[in-house]
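Worth knowing before you read on, the calculation uses all heavy atoms, side chains too, and leaves out hydrogens, waters and symmetry mates. Each chain gets a letter, A, B and so on, in the order its sequence line appears, and its residues count up from 1.
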Amino acid sequence: MSDIKSDLNPGTVNTYDACPGADIAQESPLAWSYLNSGAPAPGPSSRIVMREQAARDHLILRGGAIVIDEAVRQVLGINLPARPQQLTLCDDGVSSLQWLSPDEWLLIVPFGQAYNIELELRAALGDASVAISEVSGGQTLLELSGDADALQQLLMKSVIYDTHPQHFPPGKGVTTVFAKTSLILRRPDDSRWELVVRRSFADYVYRWLLDAGDEFAIGVIRDGAQQGASA
Amino acid sequence: MQRYSGFALARHALSHHENWQRQWRNPTPKKAYDVIIVGGGGHGLATAYYLAKEFGVRNVAVIEKGWLGGGNTARNTTIVRSNYLWDEAAALYEHAMKLWEGLSQDLNYNVMFSQRGVLNLGHTLQDMRDIQRRVNANRLNGIDGEVLDAAGVQKIVPILDCSKRARYPVLGASWQPRAGVARHDAVAWGYARGADALGVDILQQTEVTGFKIRDGRIYGVHTNRGDIEAKTVGCVTAGNSGVMAGMAGIRLPLESHPLQALVSEPLKPVLDTVVMSNHVHGYISQSDKGDLVIGAGIDGYNGYGQRGSYPTVEHTLQAIVEMFPIFSRVRMNRQWGGIVDTCPDACPILSKTPVKGLYFNCGWGTGGFKATTGSGHVFAASLAKGEMHPLAAPFSIDRFHTGALVDEHGAAGVAH
Amino acid sequence: MRQSNRLKQGGRIERSRRLTFTFNGNSYEGYAGDTLASALLANGVDIVNRSFKYSRPRGIVAAGAEEPNAVVQLGSSEPSQVPNVRATQQALYEGLSARSTNGWPNVQRDLMGLIGKLGGKMMPPGFYYKTFMAPASMWLTYERYIRKSAGLGRSPGESDPDIYDHLNRHCDVLVIGAGPAGLTSALVAARSGARVIVCDEQEEMGGSLLASHQALDERPAADWLSDVLAEMEANANVTLLARTTANGYHDHNFVTLHERRTEHLADTAPMVNGRRQARSRLHRVRAGRVIMATGAHERPLVYAGNDIPGNFLAGAISTYIRRYAVVPGNKLVLSTANDDGYRAALDWLDAGREVVAVADARQAPDGALVEAVRSRGVRIIDGAAVIEAHGENRVSSVRVAPIDAAAFRISGEIETLKCDTVASSGGFSPVIHLASHTGSRPSWNDDIIGFIPSLPKGMLAAGSAQGLHELGAVLRDGAAVGAAAVRDLALDAAEVEVPQVASLHESAAMALFQVPHDKPTLRAPKQFVDLQNDVTAAAIELATREGFESIEHVKRYTAMGFGTDQGKLGNINGMAIAARCLGRTIPEVGTTVFRPNYTPVTFGAIVGRHCRELFDPERYTALHQWHVENGAEFEEVGQWKRPWYFPRTAKGKRETMHEAVARECLAVREGVGILDASTLGKIDIQGPDAREFLGRVYTNKWAKLPVGRVRYGLMCKDDGMVMDDGTTSCLAEDHFLMTTSTGGAAAVLEWLELWHQTEWPELDLTMSSVTDHWATMTVTGPKARDLLAELTDIDLDRDAFRFMDWREGKVAGVPARVFRISFTGELAYEINVQARAAMHVWKALFAHGEKYDLTPYGTETMHVLRAEKGFIIAGQDTDGSVTPEDLGMQWAVGYDKPFSWIGKRALTRPDTVRKDRKQLVGLRPKDASVVLEEGAQIVLDPQHAIPMPMVGHVTSSYYSPTLESGFALAVVKGGHERMGETVYLPMADGKVHEAEIVSTIFVDPKGERQNV
Amino acid sequence: MFHIYCPYCEEWREEEEFHPKGQAHIQRPIDPESCSDEEWGDYLFFRDNPRGIHHELWVHAVGCRKFFNITRHTQSYEILETYRMGETPSVTAESVKREAIAAAASTATSESAEEVRA
């Protein structure tokens, strides 16, 4: 292409570090919700605690499992979760990689790392046709912890997927229907569930959880809310 | 035919009602008829009735594999309206409406056609544009209609939540006062009684198993009770039309889908008109018995099972409770499903076919009941004359090849 | 009268907990553990309602879901009203307040009853089809009076104070019914390690065991019951749900269970620890196997006067005596055709009351129960039945006669016996409703004299639900079925020792439905089949005489089975009567079909939490808070809340929409405005074949779009009709960013995936939605460049950053992509930043924008500005019947592209090449002050008679402050060839507007302003 | 409500996660320009509508977003098979008919043949 601006793009795919710097005031998708619906603090009777982990970068990887597997082993030091519904946690306790479809994975990494990881992955991938799209601004991670029975009940009220421990052991994650929207539901370990929620639906999900969780005196820890810049 | 009236009722009461006659005979099939109608639902029976009454064709058989009026006629939510968008559809449905308006007297059978008005609610600016477009077109087509604002709607239906609190507040509505509801079973029975009295043979429990076709022309049908001959055959089998067409080697652009409905327990009168909403997706009226009659949406998959998926019912009741919060503690008694044959443009097929003498009347989708009268009338005219009636002509199968669709989706996205 | 019918001992009630309640305004007492029905009977209340059609007094006849009469209005306040509650299924609670649903002025002395008596003769089935026809204009008036008598209870007049919820459940085995069969099957499944749910509609689990005489392993049935329940409660894999009715069986073993969580406590749900709890809950269960252990309903006999209060089902008598310690009368006559009916006589005797006689339709019955009754000195009349009950408000005597059931006649002398209570038993109908919900047709079985289920895949039936009768057999069957269910699921079935039950000698039951009368049915006193709908045997006979021969016809003509009990009591009797009248067998008349629900379910429970604020998601952009704080009015666009306009308030006066929009429009045309465009769909497309793919899904060309450039694209379906539009930017040779309309975002992505996955999988590309990732802010107007220049490091020089270019750089310190595209016709920059920094950038723009009077604008102004430029909105200016050519957008159609892109072929069909298709044009009203109505129809001759030929309609119409005139876009037949012609728009108020057909571009036709 | 085995997620999932997309195996004509209006109309609008075994295209919309095929009976609603794009069904109306005939031949009773037909 004659018109290609080399400063704009040297390769066949555009990579661009669009992460707002740590000095920029950032808002999680729940900023409006905290203001509008409040955030009940967890109390002694709270059987469920909700906490947003906003300070994360999210990447979608799409392409063939074999080439991506090699690249993630090289860059992240983990195997690609190649089985359906598989969720793999990284050693840093923050990053994770999740199967979304036979050619699609969700990579969650600490805030500000998406661009460098994308570059490293692309370098490792070489000419392989793999797409990497950053979606950090478009979704957030909600963490639910507390009494296992209450959590189970809350999830049964909200998602149509079978969340019984026999059917949903740690290390699993699914995209499913949540109330009248969809989200990714994951179980990183025995103590927590995670919801990956689209930004524009986050307020609905939040209000739903407060309402459905009321009988368990659900509480909200807000310290994750504005962490984007400081993480 | 015994005349029905209040006086007749009193007279029969004196003889313990022992002397009422059959409403229709149970005849033995003849070898041949001038016209065979396949399908003894509302549309088929109406076709036979008008053939005999208006067009002098009385040597007619209606062949029904089950019991007459037992298909969608028995399963719909009984709404009758004619406020369709496109000229062709509006003309056909308004023709039907005019026949509805004298039907009880014409049949001497009270079909309880009750012109209590139909509201189509608008909840978005685009809804309101569509409503204005439709009402303007209706008016110039001679069909009654009015655009109401939210206050106007509230006046007609005080129990409707017209507040700003709603997720999708009511912005206004179209209002057709002449529209309403009718007693669906009575329509089939009234036409059956009327047709029978004029000499039409209604053959129930008789199943057409094939067509007798030679050299591209029809000569009759095979049935489980033997062959029956006729040189004109009209197929009016709704959800089963695709299967019937297959027997004649014809393909139709139809898909048969489940359409669900439900009723509440009977309640003292609380809702006098029909209220429909495309946007929150539900419609409701109250029957003379007191049941709230509620329509659910069409299911997206093909199905002949006379049932659909449960979430469709859930979504419908969510919409009803959103519109009428006071109904939250009312209880749902029964749900059921019909099989609707839908066309790509949400309009029917009234058409000749490549087989000479074989006609189809189908594809009414969710709009079949309200068209019963007009559909029967123009189809009878077409069968009697061998040429499609002018009101039926735009609905030929050809349109799917020329592209001349009559696309009512924009105006009639909701099932009813 | 204080619980005069309550026995001193026995029952499962808690005598220490006295409860007060009111019925029809009178105060009564009962006990915890009572149902409303048992408490009313305990207090000697005979008349609980008036019948629907004839207004006859009615009493309680049954003890469960099959009760047709005792249907009451519950609720002590307006919002807590519940219509049509069956008293037999309503637990008593302190303060319960109930009323009869019919009866005027009251249920005891009802005036309508007079009309029913006098006019009843005039009301055979279907009478309304035969009258009220003249004159036609009077029907609505007649109907108003007919409607007055409609309905049972009434709707609340105020909104529901309660909440409801759903639980989505999954299990290996769902057991429906916790009677002897259900419990043994559940026990096997639970011990086998399966995930088990057991539900039962009653207040207590146990079913028939709760009132059983029989010993299990030589212990009282209740002891075995509590052991089993305790074991299952302790098993973490078992969920026990009492007060929970399985209402609907759906495809692939999906079952809805309705759990009444608080209805036994109060009419509004009490708070728990200061928090609200759901009044009732719907469990949406997906089960590996479903075991239908739903038992059987007793059938009453049909005889004259069988609706007078004091007529009961025999089994109901036993239930009231044994479970509730209530004996609802003094002198009993039993009419039965089987041994089971005798249990009522035994219980009646045990309660210390008199059994006047037993009329047994069979000759010489000798079963153990028969002999037990005989041995207590009760007179048993063989081969006889109660043919008629007498009494006004309570049975006072019966006529008993020997009958010849086969010949349907009285075969001997009739005698009259004094009594106040009649119990009847015609046999048992398995409760098979759920099995037929998905269309399976049950079949008639002569051995059990009833229908047995034909089971859908994945469902098993156990115990009396499949016609078993004897308790020992029922228990063994339950265990066997439980084992079969777990084996189906590839589990090893655990051993369970089934308790031993002494087996009783039983004499064979006889098929008896309608009892003959000394008069023919049409002349005999009313013999009721469906008590709730007042359907009599005569009505069924009349229907068959009139040609209604299928049972479906009979039901519809007579309304039999359409009540809230759905014919549980009467339908089989009705079928048998129809069969008798037609000289056919029951299976020849038809089968019985059922639809959900088994018993009615509250709308609220089905709706669950999906109401009020949670009815449907509201989608917000990252800037929503700012919009709210700045007074925006919102428009619904799909699920999004988009700012519609931003009215300002000056000197206490708030702008009208017209004023606000005019101000916003001028700000953009003359200064600079800003729009939150974040809701546009955005799709990130990567891969070597991305460009080829674009060429196939868009109508225009993409082969040569250079990196750094943006192009407008139009998308059609394969029928040639426009479906969506938007811009797509080339980010790199193999990388594009597509935008779609707000409403079309999800559908377009699914559409593109459909083509890629199913039609062209060989194309190497992937697509991901980045709609929510990027926030989009459109800065537009002549001063847009000046403003943006203050905040960005991007070179904004008009030649370095041209119209339809995009660039990367920082805006307000945030990395951004900026697109120089324009939907307003003015100089415009669409700034995309990650949504988490959107508010920062937006606020920074306003901080710098103050000196330019940066004006936020909403969708309304956006629409005016785009329409002035002739830009379409897909879905507003198109409706699925408009081609690119109809829009005059041939410039966006690549006729010579090598691949036959989606929609191309359809453009050459006869109808799409018609010259007189409706085409998009501009309309200029002759009177500049007129803003045409959107949706107004366009005619050429406004004098034409109705129906008036229409040639098109207005799709978009606004007032333009720039033109100082109304203007519109419209589609008009052959419009492209009619420039300059005058058309007319006749309105509802009689006015006829005149307008001129003009170009769709009203402002800056050469496009110079966007290119400055 | 259907319970659907997603051939990509390799799990049974609830119908609410899926959208039906009409008849499966509709092939867009390779060279649309050479199609007659009749052929193009057939491709656009005419679909099989059997009472019986039907091959349908569905998408796991809330899930892996993959399109796949379902072979389903439109009267009983029983799902006989799900299979990935590009695969051919192993159960068809013809195969079921063949098996029914074989089964009827192997069992002497006419009753079981009746069942198979139903």
> Heavy-atom distance under 4.5 Å to chain B: side chain of C:Ile606, backbone, both or neither?
Replying inline: both
>> Please classify the contact of C:His610 with chain B as side chain, backbone, both or neither, using a heavy-atom distance under 4.5 Å.
In response: both
>> Check this for me, if you would: do C:Arg523 and B:Glu18 make a salt bridge, where the nitrogen-to-carboxylate-oxygen distance has to be below 4.0 angstrom?
In response: yes
>> Under 4.5 Å from any heavy atom of chain C, what part of B:Leu317 do you find: side chain, backbone, both or neither?
In response: both
> Considering only heavy atoms, which portion of C:Thr602 lies under 4.5 Å from any heavy atom of chain B: side chain, backbone, both, or neither?
Replying inline: both
>> Report which part of C:Val939 has an atom under 4.5 Å of a heavy atom belonging to chain B: side chain, backbone, both, or neither.
In response: side chain
>> Does any backbone or side-chain atom of C:Glu541 lie under 4.5 Å from a heavy atom of chain B? Answer side chain, backbone, both or neither.
In response: neither
> Heavy-atom distance under 4.5 Å to chain B: side chain of C:Gln639, backbone, both or neither?
Replying inline: both
> Which bit of C:Arg284 comes within less than 4.5 Å of chain B, counting heavy atoms only: side chain, backbone, both or neither?
Replying inline: side chain
> Can you say whether B:Asn333 sits under 4.5 Å from chain C via the side chain, the backbone, both, or neither, judging by heavy atoms?
Replying inline: both
>> Let's test your reading of the structure: which of C:His437, C:Glu613, C:Arg612, C:Glu549 forms the most heavy-atom pairs below 4.5 Å with chain B?
In response: C:Glu549
> Looking at B:Asp299 and B:Arg307, does any basic side-chain N land under 4.0 Å from a carboxylate oxygen?
Replying inline: no
> Which atoms of C:Thr955 come close to chain B, meaning under 4.5 Å heavy atom to heavy atom: side chain ones, backbone ones, both, or neither?
Replying inline: backbone
> Heavy-atom distance under 4.5 Å to chain B: side chain of C:Gln876, backbone, both or neither?
Replying inline: both
> Can you say whether C:Phe562 sits under 4.5 Å from chain B via the side chain, the backbone, both, or neither, judging by heavy atoms?
Replying inline: both
> Where on C:Asp251 is there a heavy atom nearer than 4.5 Å to chain B: the side chain, the backbone, both, or neither?
Replying inline: side chain
>> Report which part of C:Ser550 has an atom under 4.5 Å of a heavy atom belonging to chain B: side chain, backbone, both, or neither.
In response: side chain
> Checking B:Ser287 against chain C: side chain, backbone, both or neither under 4.5 Å from a heavy atom?
Replying inline: backbone
>> Is the distance between the ring centroids of C:Phe548 and B:Trp189 under 6.0 Å?
In response: yes
> Taking the side chain from C:Glu158 and the backbone from C:Ser80, do they hold a donor-acceptor pair closer than 3.5 Å?
Replying inline: no
> Using 30° and 60° as the class limits, which term best fits the ring planes of B:Tyr4 and B:Tyr109: parallel, tilted or perpendicular?
Replying inline: tilted
> Under a 4.5 Å heavy-atom cut-off, does chain B meet the side chain of C:Leu614, its backbone, both or neither?
Replying inline: neither
> Using non-hydrogen atoms only, which part of C:Asn533 is less than 4.5 Å away from chain B: side chain, backbone, both, or neither?
Replying inline: side chain
